[in-house]
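Letters go in sequence order (proteins before strands), and every chain restarts at 1.
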Amino acid sequence: MSSSDEETPLATVRRKKLVSKHKTSTLESEDDSDSNDGKIKTPTTSLSEEEADDVPLKKRKIVTKTSVKKATVKKEPSSQVAKAPRKRKAKSEEPKFKKDETPKIKTEDEEEEESYKWWEEQDLNGEVVWNTLEHNGVIFPPEYEPLPSKVKLIYDGKPVSLPPAAEEVAGFFAALIESDHGKNPVFQKNFFADFLEVLNENGGCPDAKITDFNKCDFSKMFDYFQKQKEEKKALSPQEKKRIKQEKDQMEEKYKFCYLNGRKEQVGNFRVEPPGLFRGRGAHPKTGKLKKRVQPEDITLNLSKDAPVPPAPEGHTWGEIKHDNTVAWLAMWRENVLGSVKYVRFAQNSSLKGISDFKKFEKARELKNYIDAIRKDYQSKLRSELMIDRQLSTATYLIDIFALRAGGEKSEDEADTVGCCSLRYEHIFLKPPNTVVFDFLGKDSIRFYQEVEVDPQVFKNLRIFKKSPKKPGDNLFDRIDPSVVNKYFQSYLPGLTAKVFRTYNASKTMQDQIDLIKNEGTVNEKVVNFNAANRTVATLCNHQRTVSKTHEAGVQKINERIEEMFWKKIIAKRMILQLDKALKKKDPAYFREIDDLNKETEQQVMERFLDKEKEKLEKKYERDLLKLGYEEISKDEKKKRKDELAAEHKERLEKHKELVKTTKQEFKTQKYEIKASQTVEKLQQQVEKIELRIKNTSLQLKDKEDNSQVALSTSKINYIDPRLTVMFSKKFDVPIEKLFTKTLREKFAWAIDSADENWRLELLQIEVAGLEVTVGLFQTSGEVSSVSITSWRLLLVLLLSWSGLDLLLLVLGWLRRGSKHTRDSGTDGVSDSRTDSDTSGGGGHLREQTWLLLLGLHRAAVRVVLGRCSHGGCLSGVGWGGSWSWSSSG
DNA sequence: CTATCAACTTAGAACCGTAGTT
DNA sequence: AACTACGGTTCTAAGTTGATAG
């Protein structure tokens with residue numbers, strides 16, 4: 001599994017191994033034959049792992065890691081100063097500034113920051129992420145306010161006093177007693193242990209010796225919190241508004257920072273308040289106390305010459321840093337897991353935008369390599385080297401089923417897995433080639449899929465499960481994410497497992513959008529868009545727990561549908577009652593009357609009547625309550641009260657009447673028909689009801705479809721936003737219907753730069769009868785200095801270029817992104833940039849220069865495309881990944 | 001090497017405000 | 001006009017990844 005193996009041709013590797021050792025990690029190639037698939041011929045099989053040095057990465061989980069690293073909250077800031085920077089590029093502690101840029105900070109009234117378009121900038125690469133950074137630090141949560149003395153924890157039946165610090169912790173739990181966390185035994189145990197610790201550190205409980213969780217009754221505290229919530233809710237709108245305004249005002253200055261002199265938003269400027277750690281799934285540490293973060297725990301990161309924001313009264317900051325190679329403003333170490341928490345820039349900041357853009361460009365680039373990668377892993381599936389089999393099989397799973405990489409996890413985390421950490425028990429093999437995946441992935445979300453796989457993948461999985469492997473053992477014992485990623489990088493620098501998820505998600509979305517017909521109302525188009533979105537979410541296994549109210553909601557809708565159907569039937573019966581002859585004329589129309597059986601009808605009827613009555617009662621209650629708030633004399637109140645009561649009584653009488661007639665009608669099937677209800681009117685009514693049933697059913701289906709699938713995660717993280725923008729423009733759906741305000745801000749770069757023809761594909765053109773796909777690359781200095789003056793293909797040059805034998809250099813002007821076209825290259829580069837000027841979309845791309853580089857290499861064509869933006873470059877892609885491409889012609 | 005860690009992205013739950021009913 | 005279901009926002013946990021320490 002050493003990387004040198006990968007570099008060397010297989011045969012060589014094998015020979016080497018065979019020489020050095022009798023048993024190797026090779027597979028007999030015969031095992032590919034159908035007759036003994038999965039079985040290894042030689043008894044001294046390479047697969048056996050009695051071979052201690054036959055490189056299984058490690059024996060899973062058996063060795064307990066000395067997890068004694070014990071999340072120490074370091075009290076000494078200096079211990080951290082000592083820590084060397086972990087990035088190679090940050091070798092020197094000195095902040096790096098681009099030579100010609102002097103840090104300067106713009107004054108506030110130069111408010112042009114709104115329109116800053118980083119995507120028109122030249123150089124988005126490089127290790128320095130900021131040149132100047134100024135900010136106001138962080139907001140701390142309010143100090144704890146002890147509960148009123150009457151609100152107490154009940155221990156063993158008696159109210160007891162607690163020192164404020166312990167009371168606070170008890171309160172954290174009390175607030176959760178009704179939730180799933182509060183009922184979770186692990187949560188309870190962890191909470192109680194930490195609670196006791198805090199209690200004892202603070203002098204203990206004066207009234208009782210608290211030792212038993214089960215003797216604790218938190219309900220009084222819980223009730224108090226509930227009451228407080230209600231009081232807050234009951235405040236007048238003006239009061240609420242005032243409070244909010246005050247809060248906003250005090251937070252205002254923390255919301256923004258100055259990044260390279262431009263005002264940009266800060267993301268999470270509030271320090272996380274203390275509380276109980278809410279680990280997901282079966283997390284061993286769930287319920288542990290997350291301690292209050294002090295200013296002394298916090299490291300600030302800002303420009304050397306930026307003013308250091310004052311620490312809260314009586315406090316000092318833990319440390320002040322000036323590291324401009326990282327993108328955080330403040331950090332602290334959290335005590336439960338010992339991990340670091342950062343204060344970062346907001347999603348709409350340029351820095352976030354840049355890395356988002358790069359992410360999607362990288363995924364787009366993968367498109368040019370995916371065929372080769374697939375071809376490669378297909379053949380590697382039969383490799384004689386165990387590591388190659390595992391590598392190719394893992395790649396298959398990552399590519400086809402969008403699995404995550406699956407890094408190893410420690411004992412004190414929830415037991416969840418991804419591709420490389422899949423274990424024996426996570427897959428079931430059903431011959432001939434069906435695999436059932438059943439495991440918990442990130443956030444303990446279940447991944448369950450029964451799928452058919454490539455026969456060779458099936459064979460390999462069977463080999464990976466072969467005895468003596470048993471439950472608990474890793475399926476992939478010779479690879480881990482770093483091995484897999486290294487393998488990916490041999491195709492394309494920067495290619496990692498997660499890029500596959502991004503790529504496949506965006507590709508799926510584009511394919512789905514391509515299937516949508518441009519017709520119907522805007523709302524219908526949005527529904528179609530969401531359906532496409534949903535296929536992506538399903539691919540990525542983005543789930544949400546079915547809300548507690550879901551079941552009830554569905555039932556409610558179903559009941560509504562039943563009720564509508566019932567009313568429809570009644571209308572039809574009335575029609576017949578008015579004109580019996582109609583039944584003969586149109587029997588189909590009346591057939592469904594028989595679909596409603598007696599029992600169901602009675603149920604529906606009774607439910608309807610009950611509901612009606614309930615409505616009356618509710619209204620009465622509300623009216624009384626409202627009366628209570630009114631500021632009028634007592635006498636007046638009494639009078640009104642009596643009036644309401646009388647009114648209510650009257651309504652109840654009416655209802656009784658309704659009950660009687662309805663039941664009568666049900667029994668006799670004879671209906672009281674008002675004069676206004678003619679056959680025609682009734683038929684109209686039926687139509688109306690039918691439409692309502694249809695709509696409600698659609699709504700129900702949507703609700704069901706969306707109940708378990710979360711669309712937002714894929715929309716935010718996986719689907720190239722330019723696809724959404726393309727959809728918006730092509731289908732004339734306002735972008736507001738597809739992106740919320742925050743998403744529009746986050747994806748401003750996409751909204752600005754994509755048009756209705758935007759595609760993931762990077763230009764297809766035809767050169768000398770060869771159809772070629774052209775990819776993106778990063779321009780080097782020489783190329784970016786080429787200037788171009790026409791939008792048509794300008795020149796075709798033959799020149800030699802670093803590493804490529806022959807190069808066909810095509811320079812062209814392209815209008816806004818590449819256009820996908822199969823039959824004609826020049827079309828792809830075509831005209832119509834005039835209308836883009838009026839569209840107001842993004843004029844800047846007019847300036848954009850496209851550079852196409854086609855490398856001709858023997859019968860194959862090496863293809864690269866450079867895209868330079870006015871002398872600068874947008875993409876972050878290097879040369880290294882160019883590869884042979886056989887023409888489709 | 002291997003284990004660990006910093007720094008970043010991705011994730012669902014909780015919370016909150018409001019649009020769309022009834 | 002009140003209520004409530006819902007969408008949107010906030011919060012913070014849980015991943016990935018590549019560098020580095022030992």
Derivation and outcome, salt bridge (Lys or Arg N to Asp or Glu O under 4.0 Å), residues A:Arg242 and A:Glu239: CA-CA 5 Å; A:Arg242 196 182 56 79; A:Glu239 188 72 359; 3.1 Å; yes
Go through the steps to decide whether A:Asn335 and A:Lys290 satisfy the test side-chain contact (heavy atoms from CB on, under 4.5 Å), and finish with yes or no. CA-CA 6 Å; A:Asn335 69 299; A:Lys290 205 169 81 169; 4.1 Å; yes
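The side chain of A:Thr496 sits closest to C:dG18 out of C:dG18, B:dA11, C:dT16. Comparing atom distances between the A:Asn485 side chain and each of B:dA11, C:dG18, B:dC8 picks out C:dG18 as nearest. Out of B:dA11, C:dT16, B:dT9, the shortest distance to the side chain of A:Ser355 is found at B:dT9.
Atom CZ of A:Arg404 and atom C1' of C:dG15 are 7 Å apart (whole Å). Remark: P of B:dG12 and NE2 of A:His550 are 17 Å apart, rounded to the nearest angstrom. For the pair A:Leu495 CG and C:dG18 C1', the computed distance is 15 Å after rounding to whole Å. Going from atom CD of A:Gln347 over to atom P of B:dT10 covers 10 Å, rounded to whole Å. Note: CH2 (A:Trp332) to C1' (B:dA6) measures 15 Å, nearest angstrom. Residue A:Gln489 contributes atom CD, which lies 16 Å from atom P of C:dT16 at whole-angstrom precision. With rounding to whole Å, A:Ile445 atom CD1 is found 13 Å from B:dT10 atom C1'. We find that CZ of A:Arg344 is positioned 12 Å from P of B:dT10, with the value rounded to whole Å.
If A:His181 and A:Tyr342 are placed on DNA chain B by their nearest nucleotide, the residue sitting closer to the 5' end is A:Tyr342. Nearer to the 5' terminus of DNA chain B, by closest-nucleotide assignment, is the contact made by A:Val340 (compared with the other of A:Val340 and A:Lys229).
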Sugar-phosphate or base contact per nucleotide [nucleotides 16-22 of chain B; S, B, -; heavy atom under 4.0 Å]: -------
With sugar-phosphate taken as primed atoms, P, OP1 and OP2 and all else as base, the protein-contact string of nucleotides 5-14 of chain C at under 4.0 Å (heavy atoms; B, S, -) is SS-SS-SSSB
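OP1 or OP2 of B:dA13 has at least one side-chain nitrogen or oxygen of A:Thr545 nearer than 4.0 Å. Side-chain nitrogen and oxygen atoms of A:Tyr718 include at least one within less than 4.0 Å of the OP1 or OP2 phosphate oxygen of B:dA11. OP1 or OP2 of B:dT9 sits under 4.0 Å from a side-chain N or O of A:Lys352. Side-chain N/O atoms of A:Ser482 include none lying less than 4.0 angstrom from OP1 or OP2 on C:dG18.
A:Asn523 is listed as a side-chain neighbour of A:Lys737, based on a closest heavy-atom distance under 4.5 Å.
Looking at A:Lys741, A:Lys746, A:Gln265 one by one, the single match for side chain to side chain donor-acceptor pair (under 3.5 Å) with A:Asn348 turns out to be A:Gln265.
For A:Lys613, there are no salt bridge (Lys or Arg N to Asp or Glu O under 4.0 Å) partners two or more places apart in sequence or in a different chain. Under the rule for a salt bridge (Lys or Arg N to Asp or Glu O under 4.0 Å), the partners of A:Arg607 that lie at least two apart in sequence or sit in another chain are A:Glu559, A:Glu562. For the side chain to side chain contact (heavy atoms under 4.5 Å, CB included) test, residues two or more places apart in sequence or in another chain that qualify with A:Phe439 are A:Leu403, A:Val417, A:Leu422, A:His426, A:Phe437, A:Phe447. Remark: A:Phe222 pairs with no residue by the ring-ring contact (aromatic ring centres under 6.0 Å, His included) rule, at least two apart or across chains.
Looking at heavy-atom distances under 4.0 Å, A:Gly553 makes no contact with the nucleic acid at all.
Taking the charged nitrogens against the carboxylate oxygens, A:Arg560 and A:Glu563 have no contact shorter than 4.0 Å, which rules out a salt bridge. Ion pairing between a basic and an acidic side chain is recognised when a charged N comes within 4.0 Å of a carboxylate O; A:Asp415 and A:Lys409 show no such pairing.
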